[in-house]
There are 2 protein chains.
Amino acid sequence: MVNDHRELRLFLHLAQTLNFGRTSLDCHVSPATLTRTVQRLEAGLGHQLFDRGPRGVSLTAEGHRFRAYAIEALGLWRTYREEHPDPAELTGRLAVFATVTACQALLPDLLAPFRAAHPQVRLDLRTGDAAAALARLDEGEVDAAVAGIPARLPGPLVSRTVAVTELVFVTARDRADAGLDGPFVLPHRGLVREAADRWFRGRGVTPDVAAEPDGHEGLLTLVALGCGTGVVPRLVLDNSAVRDRLTVLPATPPPEPFPIGLCVRRTDLRRPLMSALWSLTGP
Amino acid sequence: MVNDHRELRLFLHLAQTLNFGRTSLDCHVSPATLTRTVQRLEAGLGHQLFDRGPRGVSLTAEGHRFRAYAIEALGLWRTYREEHPDPAELTGRLAVFATVTACQALLPDLLAPFRAAHPQVRLDLRTGDAAAALARLDEGEVDAAVAGIPARLPGPLVSRTVAVTELVFVTARDRADAGLDGPFVLPHRGLVREAADRWFRGRGVTPDVAAEPDGHEGLLTLVALGCGTGVVPRLVLDNSAVRDRLTVLPATPPPEPFPIGLCVRRTDLRRPLMSALWSLTGP
DNA sequence: CTGTGTCTTTCATTTCACGCAACACCCCGC
DNA sequence: GCGGGGTGTTGCGTGAAATGAAAGACACAG
């Protein structure tokens with residue numbers, strides 16, 4: 001039932017973009033799947049739908065006719081569904097994991113459209129260490145996570161960047177003259193630590209690490225106490241309760257920007273609720 | 001694509017018969033599949049479509065509305081397909097196996113509607129021993145077989161009875177007074193032999209077997225030569241070249257009727273051509 | 001309480017769709 | 001000519017989904 005309409009949707013999107021890669025990205029399917037979906041359609045119909053030229057893709061005559069059919073069929077379906085919606089699609093429960101900072105700084109704006117569209121959905125918000133986000137997601141404890149996303153995700157997860165913040169060096173206001181030599185307070189592990197390590201390595205120095213706390217918030221507390229210079233995403237600094245006692249140290253080159261993403265299990269994108277979350281938090 | 005329409009077709013058929021068993025038989029799916037297809041539909045829509053009472057099944061209000069949608073959607077699809085038929089569905093090649101007798105007596109009438117509907121399809125007709133029919137089918141040498149069908153088919157095959165003939169005892173006209181005691185000419189193996197054996201066992205006698213030829217036609221020749229009393233489907237007798245020299249001996253109780261079926265591989269029923277053959281040879 | 005006609009569930013099997021990765025192809029700039 | 005980025009496609013292993021056979025639940029009749 002629904003499956004068939006997914007094929008039609010893919011076809012229609014492709015008929016508009018005339019670009020396999022683009023449709024593949026927009027519709028969250030691998031290029032292979034898209035190719036074979038179209039091949040299945042063409043085989044089932046017994047007609048070529050697209051001309052694949054080296055200059056790109058174009059609709060064949062049959063493709064145009066089938067497009068008309070697909071639009072009509074999908075419209076019929078949409079009409080039916082509007083009049084007889086699935087009551088289950090508008091309710092349910094969604095568990096979202098976010099770091100404390102993401103909670104404060106990003107979630108309100110990020111989730112507002114979804115919240116407005118589906119007010120009956122109960123949102124469970126879990127917070128914790130950024131490093132735990134993906135594990136919680138993978139284990140099925142939560143349905144979505146907002147956190148720094150590593151370049152290589154575990155297989156079954158997909159993510160989309162929802163914000164980019166820079167990494168900044170920060171120290172206690174009364175130690176601002178210490179510069180970038182003094183002892184450092186670095187996260188024990190995680191993406192920020194890796195970025196910091198890369199930055200030091202790029203300058204050919206080995207930092208003097210004075211402390212390695214677990215979370216960004218705790219890190220800032222140590223920095224405010226004068227334990228050393230810290231590295232955090234600016235977003236964390238801006239939302240810190242101790243930001244008045246801290247100051248940013250300019251660094252050249254500046255550390256790499258730090259992307260924060262919304263991450264979900266790929267298979268969940270088929271669930272209507274998750275699909276809605278994904279598209280309503282998108283661009 | 002096509003899959004979805006199969007679901008709609010099943011639903012519409014069931015909405016008309018209001019009987020799972022009947023629809024299951026007519027549409028060549030197991031009851032389990034039908035049940036779950038409907039369950040899938042209902043789950044996908046989020047609405048009950050049928051009320052299952054002990055007294056039978058009835059459409060719910062949602063069921064009626066969905067039925068209207070299904071009819072419309074299927075009509076849209078049929079219209080599209082009529083205007084843009086799959087050229088591959090009308091051509092191709094079909095290998096049919098049949099016993100000599102089935103060829104002569106049944107195939108013309110059986111295949112006429114199919115032939116009329118798909119004149120471009122090339123029909124390859126293979127003949128041979130009835131016992132070989134299922135083997136040829138299973139090995140993929142032929143696409144369909146017309147022959148006596150055992151009660152238990154090999155897993156991947158399905159059959160439908162297309163004719164029923166009685167088994168008759170037959171002897172040479174000039175030995176008609178020999179009765180049912182004389183020596184017998186029985187097929188060496190196969191369904192007729194099994195039925196004959198059961199008949200003898202039911203009467204508690206052990207037949208005096210004078211010959212065990214391989215095919216029914218050869219058997220009749222031996223009988224005509226006076227070698228003994230034979231057992232054959234009446235259909236074979238009626239189409240025999242030597243029938244003028246033979247006579248039927250009444251037997252009580254008469255041997256069990258002998259069903260002749262059209263048999264195909266189950267998976268082939270999805271191929272449009274085979275599906276057409278199946279439905280056009282049906283009731 | 002067995003038999004009969006329903007529809008559903010359990011289970012093992014097969015089939016199918018998917019993503020990943022490798023591939024083929026083309027065009028472009030040097 | 002020859003890498004390099006950008007197309008779309010194919011080989012392959014895996015995991016989910018659909019299937020049929022058979023057993024099960026349930027109501028009802030004799």
[atom1] of [X] versus [atom2] of [N]: gap in Å, rounded?
| X | N | atom1 | atom2 | answer |
| --- | --- | --- | --- | --- |
| Arg40(A) | dT10(D) | CZ | C1' | 15 Å |
| Leu41(B) | dT8(C) | CG | C1' | 17 Å |
| Asp51(B) | dT8(C) | CG | P | 12 Å |
| Leu34(A) | dC20(C) | CG | P | 14 Å |
| Leu49(B) | dC7(C) | CG | P | 15 Å |
| Leu157(A) | dG19(C) | CG | P | 14 Å |
| His28(A) | dC18(C) | NE2 | C1' | 16 Å |
| Leu14(A) | dG8(D) | CG | C1' | 11 Å |

Options [options], nucleotide nearest the side-chain atoms of [X]:
| X | options | value |
| --- | --- | --- |
| Thr37(B) | dA21(C), dG8(D), dT19(D) | dT19(D) |
| Phe20(A) | dG8(D), dG19(C), dC7(C) | dG8(D) |
| Thr33(A) | dG20(D), dC18(C), dT8(C) | dC18(C) |

Ionic contact status for Arg201(A) with Asp197(A), cut-off 4.0 Å =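 No.
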Can a side chain N or O of [X] be found less than 4.0 Å away from OP1 or OP2 on [N]?
| X | N | value |
| --- | --- | --- |
| Arg265(B) | dT14(C) | no |
| Asn19(B) | dC7(C) | yes |
| Gln39(A) | dT10(D) | yes |

ask   = Between the base of dG19(C) and the side chain of Arg36(A), is there a donor-acceptor distance below 3.5 Å?
value =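 Such a pair exists between side chain and base.
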task = Could you tell me whether Gly56(B) contacts a base, only the sugar-phosphate backbone, or nothing, with contacts defined as non-hydrogen atoms closer than 4.0 Å?
result = nothing
request  = Identify whether any heavy atom of Arg6(A) sits under 4.0 Å from a base atom; if not, whether one sits that close to sugar-phosphate; answer base, sugar-phosphate or nothing.
outcome  = sugar-phosphate
ask   = In this structure, are over 12 heavy atoms from other groups packed under 6.0 Å from Arg67(A) atom CZ?
value =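 It does not: Arg67(A) CZ has 12 such atoms or fewer within range.
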inquiry  = Quick check on DNA chain D: between Pro31(B) and Thr35(A), whose nearest nucleotide comes earlier from the 5' end?
reply    =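 It is Thr35(A), whose closest nucleotide lies nearer the 5' terminus.
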key: Aromatic plane relationship, Tyr80(A) with Tyr69(B) - under 30° parallel, 30 to 60° tilted, over 60° perpendicular   = parallel
query = Parallel, tilted or perpendicular for His5(B) and Trp77(B), by the 30°/60° rule?
reply =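 Ring orientation, 0 to 90° scale: parallel.
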remark   = In this structure, CH2 of Trp278(B) is separated from NE2 of His28(B) (nearest 0.5 Å) by 6.5 Å
